[in-house]
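Have a look at the structure below before the remarks.
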2 protein chains.
Amino acid sequence: MELSHSEENYLKAIYSLSAMSDTGDAATNEIADRVQTKPPSVVDMLKKLATKKLVTYEKYKRVQLTSQGKKVAIQVVRKHRLWETFLFEKLQFNWDEVHEVAEQLEHIHSEKLIERLDQFLGHPVYDPHGDPIPSANGEIKTAKRYKLSEIEAGTTCQVVGVNDSSSDFLMYLQQLSVGIGTKIKVLERIAFDHSLMVSFKKGHQTVVSKKFADNVLVT
Amino acid sequence: MELSHSEENYLKAIYSLSAMSDTGDAATNEIADRVQTKPPSVVDMLKKLATKKLVTYEKYKRVQLTSQGKKVAIQVVRKHRLWETFLFEKLQFNWDEVHEVAEQLEHIHSEKLIERLDQFLGHPVYDPHGDPIPSANGEIKTAKRYKLSEIEAGTTCQVVGVNDSSSDFLMYLQQLSVGIGTKIKVLERIAFDHSLMVSFKKGHQTVVSKKFADNVLVT
DNA sequence: ACTAAATGTTAGAGTTACCTAATTTTATTT
DNA sequence: AAATAAAATTAGGTAACTCTAACATTTAGT
Ligand SMILES: [Mn+2]
Ligand SMILES: [Mn+2]
Ligand SMILES: [Mn+2]
Ligand SMILES: [Mn+2]
């Protein structure tokens, strides 16, 4: 069954909201926020998705994806993240420019296209934001992600993403030559202001603030 | 002004129909055929495009693109052909598989994407079907294209496209190792059945039928 | 338990892009 | 110049997706 852009966007929104909620479901207003519409539009769509068996919905209750719905949502996420990787790796888009275009590209319908793209990119595992790319059969690498600020002194870890994507933050990262994949060793945790003494590859050593370390995700 | 998929498809259809007509315009029924709708839908759309100044339309007369409309149409064609080239060159799609997916990709809205894609592909001049790719400012290489069947004996020419894109024909071409860019020398024109004696690169020599030669475009 | 606030739903309507059936205009024959 | 055929248009309607305003339900605060 061929879904519309709109249906796919809703499924993706419900998927990511459910993933954050500890009850595995999403609320009407949350969805409206996420897909930039008003709550009545969400209700209409939930009814439609429910008749298509993509979602289990009872009025006044939070929605849940069915396994069918989840499968579709994950494929959309896969496409989104593969396109982001393409834009970043092959077309030299910046970190913060890829999302908007991928938001459109994720709706192109072609099995073959996405499998060939995956192959062309060398089967990447993480997108430019460090988010895991689901595999063709829907499996997602879910290595637990820590804030850099939680890492013990003496440990070496690897950057897999960020919490903040403001351009101030991204520019600072660029200046430090820190990106996805960068290895960081935590040398010392400074009790006074919770800042960290760290070293990046090649022993280049600096102090970073707690605010910085809270926004860098590592494994 | 951001146009819809549908509006873009209509403009593209009117553009290519106008190019074929010697009066530089297109008829309602022709457009309906091309975009796979019914004539009343076309009339609706023509009225809309007319209020947007993309088309000059008077009822019961043939439509013409305004210069604005032509500009938009050419940009859509540019995107279509660049994406076809990407699919063919980078993702190893076959000649006859690229069109359908490009039909979707041509509607992605992003200036930057298309310029970067063009650069990534090395500013190609022809798409996988041998059709010219308009430049960023809308210029189109219009080297006159001849049928192979029109070429004089003794002349060497180069394949730039085909008239038929049936898979029977494409498979035959593949078997002969003939593709875009292949050089062909016409050795002899056989009066009896208008077939041609030709040689491909490396002196490999064969006879091809008139039907074949009518469907191979060369410069 | 009662009230107020927050959340969610229904009613009714607009837009885009289609459709079929009926009608009008233009083009082609005789 | 009629008559007929072809092409184009209008009328009226549907489906998807969105909205605002009004109403219903649930939740949280006292
Ligand atoms: Mn999207
Ligand atoms: Mn991402
Ligand atoms: Mn298209
Ligand atoms: Mn083409």
Side-chain angles (χ1 to χ4, degrees), chain A residues 1-14 17-18 20-23 25-65 69 72-73 76 103-104 106-107 109, chain B residues 1-14 17-18 20-23 25-65 69 72-73 76 103-104 106-107 109:
Chain A
M1 192 198 345
E2 196 95 326
L3 300 173
S4 68
H5 288 204
S6 222
E7 290 169 324
E8 290 186 345
N9 283 336
Y10 276 97
L11 289 174
K12 191 158 64 98
I14 297 167
L17 290 167
S18 306
M20 292 193 303
S21 115
D22 44 355
T23 41
D25 49 21
T28 303
N29 282 355
E30 289 167 3
I31 299 168
D33 257 23
R34 187 60 80 94
V35 302
Q36 310 247 64
T37 47
K38 304 288 164 173
S41 308
V42 175
V43 174
D44 280 356
M45 183 57 87
L46 293 181
K47 287 174 179 169
K48 189 177 14 157
L49 294 174
T51 70
K52 293 194 178 182
K53 298 270 162 77
L54 295 166
V55 118
T56 55
Y57 172 63
E58 283 177 86
K59 54 152 111 168
Y60 294 111
K61 292 197 178 145
R62 296 169 63 96
V63 236
Q64 259 190 290
L65 292 176
V72 174
V76 179
E103 202 57 45
Q104 300 178 58
E106 70 189 359
H107 303 295
H109 294 301
Chain B
M1 194 196 344
E2 197 95 324
L3 300 173
S4 70
H5 289 203
S6 222
E7 290 168 325
E8 291 186 344
N9 283 336
Y10 276 95
L11 290 174
K12 191 159 63 98
I14 297 167
L17 290 168
S18 307
M20 292 192 303
S21 117
D22 43 355
T23 41
D25 50 21
T28 303
N29 282 357
E30 289 166 3
I31 300 168
D33 257 23
R34 186 62 78 94
V35 302
Q36 310 247 64
T37 48
K38 304 288 164 174
S41 308
V42 175
V43 174
D44 281 355
M45 183 57 87
L46 293 182
K47 287 173 178 170
K48 193 183 0 163
L49 293 175
T51 69
K52 293 193 178 184
K53 299 270 162 76
L54 295 166
V55 118
T56 55
Y57 171 62
E58 282 178 85
K59 55 151 106 171
Y60 293 110
K61 294 201 176 141
R62 296 169 64 95
V63 235
Q64 257 189 293
L65 292 176
V72 174
V76 178
E103 203 56 44
Q104 300 178 58
E106 71 190 359
H107 304 293
H109 293 302

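Every chain is numbered from 1 and lettered A, B, ... according to where its sequence line falls, protein lines coming before strand lines. Given the structure is predicted, the values throughout are model-derived calculations rather than measurements.
In this structure, the CZ atom of B/R62 is 13 Å from the C1' atom of C/dT26, given to the nearest Å. Atoms NZ (A/K38) and C1' (D/dA22) sit 16 Å apart, rounded to a whole Å. A/E58 has its CD atom 11 Å from the P atom of D/dT26, to the nearest Å. Distance A/E7 CD to D/dA15 C1': 12 Å, rounded to the nearest Å. For the pair B/E2 CD and C/dT16 C1', the interatomic distance rounds to 16 Å; values are reported in whole Å. If you take CG of B/L46 and C1' of D/dT10, they are 14 Å apart, rounded to a whole angstrom. A/K59 has its NZ atom 13 Å from the C1' atom of D/dT26, to the nearest Å. Between the C1' atom of D/dC19 and the CE atom of A/M45 lies a distance of 14 Å, rounded to the nearest Å.
Phosphate proximity of D/dT10 to B/K47: present, with a side-chain N or O under 4.0 Å from OP1 or OP2. Side-chain N/O atoms of B/Y60 include none lying less than 4.0 angstrom from OP1 or OP2 on D/dT10. Checking the phosphate oxygens (OP1, OP2) of D/dA16, no side-chain nitrogen or oxygen of A/Y10 falls inside 4.0 Å. Note on B/K61: every side-chain N or O is 4.0 Å or more away from OP1 and OP2 of C/dT25. Considering only side-chain N and O atoms, B/S41 lies under 4.0 angstrom from the phosphate OP1 or OP2 of C/dC19. Dashed line: the shortest gap from a side-chain N or O of A/N29 to OP1 or OP2 of C/dG8 is under 4.0 Å. When the side-chain nitrogen and oxygen atoms of A/Y57 are compared with OP1 and OP2 of C/dT9, one or more of them lie within a distance under 4.0 Å.
If you check every strand for non-hydrogen atoms under 4.0 Å, A/S6 touches sugar and phosphate atoms only.
Of the two residues near DNA chain D, B/E30 and A/Q36, the one whose nearest nucleotide lies more 5' is B/E30.
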Are A/Y10 and A/K12 close enough, and set up right, to give a side chain to side chain contact (heavy atoms under 4.5 Å, CB included), and what steps lead you there? CA-CA 5 Å; A/Y10 276 97; A/K12 191 158 64 98; over 6 Å; no

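Relative ring orientation between A/H107 and A/H5 is described as parallel, the plane-to-plane angle staying below 30° on a 0-90° scale split at 30° and 60°.
B/E8 approaches B/H109 most closely through the heavy-atom pair OE2-CE1, 3.0 Å. What you find for A/D25 and A/R62 is that their closest heavy atoms are OD1-NE, 2.7 Å.
Here D/dC19 is the nucleotide among D/dC19, C/dC19, D/dT9 with the atom lying nearest to any side-chain atom of A/T37. Of all nucleotides listed (D/dA8, D/dC19, C/dC19), C/dC19 comes nearest to the side chain of B/D44. For A/P40, counting side-chain heavy atoms from C-beta on, the closest listed nucleotide (C/dC18, C/dT20, D/dA21) is D/dA21.
Side-chain atoms of B/S4 and B/S6 form no donor-acceptor pair, as typed in the model, at a separation below 3.5 Å.
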